[in-house]
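Structure record follows, encoded as structure tokens.
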2 protein chains.
Amino acid sequence: MRAPTIRDVAERAGVSKSLVSLVLRGSDQVRPEKREAVLRAARELGYRPNAAARSLSEQRTRTVGVLLNDLRNPWFVDLLDGLNSLLHTGGLHMLLADARLNRRAGQDPADPLLDLRVDGLVVVGTLPDPAALGAVAARMPVVLAGAREPVPPGVDQVAGDDEQGARLVTEHLIGLGHRRIAHLAGYGAVGELRRRSFEATMRAHGLAERAVVETGDMTEEGGYRATVRLLSRPDRPTAVFAVNDITCVGALSAAEELGLRVPHDVSVVGYDNTSVSRLRHLWLTTVDNAGHEVGRRAARFLLDRFERPGGEGRLHLAAPTLEIRGTTAPPA
Amino acid sequence: MRAPTIRDVAERAGVSKSLVSLVLRGSDQVRPEKREAVLRAARELGYRPNAAARSLSEQRTRTVGVLLNDLRNPWFVDLLDGLNSLLHTGGLHMLLADARLNRRAGQDPADPLLDLRVDGLVVVGTLPDPAALGAVAARMPVVLAGAREPVPPGVDQVAGDDEQGARLVTEHLIGLGHRRIAHLAGYGAVGELRRRSFEATMRAHGLAERAVVETGDMTEEGGYRATVRLLSRPDRPTAVFAVNDITCVGALSAAEELGLRVPHDVSVVGYDNTSVSRLRHLWLTTVDNAGHEVGRRAARFLLDRFERPGGEGRLHLAAPTLEIRGTTAPPA
DNA sequence: GACAGGTTCTGGAACGGTCCAAAGAGGGGC
DNA sequence: GCCCCTCTTTGGACCGTTCCAGAACCTGTC
């Protein structure tokens with residue numbers, strides 16, 4: 001019971017395999033009755049083209065690899081969604097690989113993707129080995145999505161605009177009347193950008209010396225500890241802007257434990273609009289990173305490069321939006 | 001700058017392509033110095049075998065498709081982790097497809113995987129079209145992981161033991177001294193199993209008529225509303241066992257809003273041990289579904305079937321464990 | 001009826017591997 | 001020196017497509 005091949009279809013339809021190939025690829029140089037016969041035969045046999053054979057012959061796989069660094073990171077999903085929607089209309093498949101899973105198994109996480117000869121690569125989140133990426137980029141289009149890092153030449157980059165996001169948050173808090181505002185900073189390029197923008201915005205409003213920055217490790221625990229320190233100060237801030245939602249949840253716990261009511265006594269804001277922030281129990285004010293738009297744009301860049309290879313690496317920053325929920329209010 | 005082929009390696013090493021193939025597939029029928037020469041040539045050229053060509057020739061892809069129904073469902077990740085670890089040692093790759101993403105784009109979500117001629121299929125979570133699955137199962141090994149549904153013949157099934165999990169929770173609560181216990185039920189096969197087991201355990205402890213069941217929709221909102229109803233009753237339960245963590249978070253909000261302290265006034269328990277349950281702010285007592293073990297077992301089943309095709313579909317239930325955290329205590 | 005020019009169709013050579021039958025090399029026994 | 005046997009190595013068929021050059025078939029013109 002082998003799967004039917006293009007030859008089986010040809011035989012059944014009484015034509016050559018070349019004609020079948022022509023029909024299936026939508027050529028208009030075929031007489032309608034032959035086309036019908038071929039399509040009917042294909043349908044009756046349940047024919048599915050063999051992707052391996054096609055890839056071998058066409059020298060491309062119509063598949064792009066997506067390298068995630070951790071499937072647990074929930075905001076990737078929106079990005080994948082956007083990515084997929086556009087790739088699909090381009091007739092391309094997505095092949096997911098989790099770098100964390102593969103790294104544990106040894107080897108470069110991109111290896112399986114490269115062995116399968118993907119036509120392009122989307123690296124989501126922090127990139128693995130920058131040197132290795134450069135070598136890959138020389139062979140195929142590569143887009144870095146959802147991260148801000150120095151990239152090898154010729155690599156496109158798409159991410160949320162962290163500076164704008166941090167500005168939105170800070171101005172929201174200032175607009176509510178807060179003056180003494182703290183930032184729970186993170187690390188990495190993203191953490192840096194958010195912190196800088198927070199500081200710049202405070203400065204722009206003449207609040208430079210009311211700004212406080214505590215550095216955490218982007219975990220709930222870190223957010224908790226940093227907030228305990230912050231809120232125990234004599235001149236405690238009336239608002240806390242956390243580098244991400246999870247840190248913000250830590251801040252929330254800390255405030256609660258110190259007997260402060262959110263948002264009455266202290267406002268807190270997260271970043272990323274994760275599902276956690278949408279729990280009505282927490283209902284965090286946060287920033288939506290426009291993951292879907294980031295994904296779409298990454299796909300766009302990739303499709304562009306398939307058509308016109310080469311050229312400089314481009315950078316696109318998607319505009320984030322502020323999600324005002326229940327953890328921010330004017331100071332008491 | 002084409003990628004080097006096996007012929008390039010052969011030429012550089014001064015041997016035939018057959019010998020290169022032999023060496024690369026680890027044959028021991030090769031003189032050591034030739035082996036060395038081949039490996040050196042391959043290394044120098046940066047040769048990577050072309051997966052498409054190999055698949056075509058071998059008539060197998062060394063790839064198994066994993067069909068998820070929603071990447072957002074966090075407990076899949078542990079399962080994938082377990083799956084991947086075992087598949088990897090078998091020299092197999094994992095190809096992820098999100099049914100939700102693909103369904104939106106039209107067509108059967110498994111189509112892309114079938115076109116790529118995966119050697120086997122793991123369906124994670126609720127299965128798509130059961131009829132279609134039967135047709136697939138006739139052609140390749142199929143395992144359903146993490147769901148309890150009637151499956152076509154010859155399909156293996158692996159899942160957490162929901163009956164045991166629900167029993168663990170119920171006995172934990174009874175052991176703490178609770179008597180009037182409510183269950184926030186869900187739907188589907190899993191919801192059914194958990195509810196039935198809750199009822200059976202209550203009955204086994206002579207508490208049949210102290211058991212209350214409210215049916216929700218497995219969302220936070222549903223959990224919230226059902227809990228408000230429950231806790232407003234004159235004979236309100238002292239413990240609530242929710243069908244999943246997210247429902248449990250809704251229950252937590254409801255209790256808090258009604259001025260009841262958890263776990264002092266009311267204990268609540270979730271199910272799934274999701275990352276949400278581990279937030280120290282919530283710190284839910286819950287059930288760990290042994291996702292990693294489920295994944296490993298699914299891989300085991302698949303590998304078995306590659307070696308010995310055919311035979312009855314098997315069922316394996318992984319033993320869940322109770323994660324006792326901060327939301328359960330003896331009744332006041 | 002031959003011919004030109006267009007439209008349809010076909011055979012066969014890729015693509016890059018695997019695998020098998022058979023050739024070649026080397027060694028031992030007579 | 002020849003034969004036989006084992007261990008290595010090789011050529012070539014094959015996997016299922018695409019694609020190109022050219023064959024076959026029309027249709028209309030002179």
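To find a chain, count down the sequence lines: A is the first, B the second, and so on, and within it residues start at 1. When reading the values below, keep in mind they use all heavy atoms of this one structure, side chains included, and skip hydrogens, waters and symmetry mates. Values in this document were obtained by computation on a predicted structure and should not be read as measured data.
Non-hydrogen atoms lying under 4.0 Å from DNA chain C are contributed by A/L56, A/S57, A/Q59, all within residues 54-62 of chain A. Of the residues in residues 8-21 of chain A, those with a non-hydrogen atom less than 4.0 angstrom from any atom of DNA chain D are A/K17, A/S18, A/S21. A heavy atom closer than 4.0 Å to some atom of DNA chain D occurs in B/Q29, B/V30, B/R31, B/K34, these being the qualifying members of residues 29-36 of chain B.
Put simply, the side chain of B/L24 reaches to within 4.5 Å of the side chain of B/Y47, judged on heavy atoms. When side chains are defined from C-beta on, B/V23 counts as touching B/L39, because their heavy atoms get closer than 4.5 Å.
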Report each atom pair, protein N/O against N/O of nucleotides 21-27 of chain D, whose distance is under 3.5 angstrom.
none

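With sequence neighbours excluded, the residues satisfying side chain to side chain donor-acceptor pair (under 3.5 Å) with A/S21 are A/R25.
Atom CD of residue B/E307 and atom CG of residue B/L302 lie 11.5 Å apart, to the nearest 0.5 angstrom. Separation of atoms CZ (B/R35) and CG (B/L19) is listed at 9.0 Å; rounding is to 0.5 Å. Between the CZ atom in B/R54 and the CD atom in B/Q59 there is a gap of 14.5 Å [rounded to 0.5 Å]. Here the CZ atom belonging to B/R117 is positioned 4.5 Å from the CG atom belonging to A/N50, to the nearest 0.5 angstrom.
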* For salt bridge (charged side-chain N to carboxylate O under 4.0 Å, His left out), just list the numbers for A/R12 and A/D8, CA-CA rounded to whole Å, side-chain angles, deciding distance to a tenth of an Å, and then say yes or no. => CA-CA 6 Å; A/R12 181 170 193 117; A/D8 300 323; over 6 Å; no
* To do: Report the C-alpha separation of A/R305 and A/R314 in whole Å, then their side-chain angles, then the decisive distance to 0.1 Å, and conclude whether the side-chain contact (heavy atoms from CB on, under 4.5 Å) test is met.
  => CA-CA 11 Å; A/R305 282 192 181 267; A/R314 290 163 295 174; 4.2 Å; yes
* To do: Quick one: do A/L315 and A/L317 satisfy side-chain contact (heavy atoms from CB on, under 4.5 Å)? Show the steps, please.
  => CA-CA 7 Å; A/L315 170 66; A/L317 296 180; 4.0 Å; yes
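Nucleotides of DNA chain C lying under 4.0 Å from heavy atoms of chain B occupy a range whose first and last members, 5' to 3', are C/dG16 to C/dC19.
Between B/A53 and B/L22, it is B/L22 whose nearest contact on DNA chain D lies nearer the 5' terminus.
If you measure from atom CZ of A/R25 to atom P of D/dT17, you get 12 Å, rounded to the nearest angstrom. Spacing between atom CD1 of B/I6 and atom P of D/dG12 amounts to 17 Å, rounded to whole angstrom units.
For the OP1/OP2 pair of D/dG16 and a distance below 4.0 Å, the side-chain nitrogens and oxygens of A/R7 include no atom meeting the criterion.
For B/D161 (side chain) and B/A319 (main-chain N/O), no donor-acceptor pair under 3.5 Å exists by modelled atom type. Between the side chain of B/E149 and the backbone N or O of B/A189 there is no donor-acceptor pair closer than 3.5 Å.
A salt bridge is defined here as a Lys NZ or Arg NE, NH1 or NH2 lying under 4.0 Å from an Asp or Glu carboxylate O, and A/D156 with A/R297 fails to meet this definition.
Scanning both residues, B/L80 and B/L96, for their nearest heavy atoms gives CD1-CD2, 4.1 Å. Taking both residues in full, the closest heavy atoms of A/S85 and A/R296 are given as OG-NH1, 3.3 Å, listed atom of the first, atom of the second, then distance.
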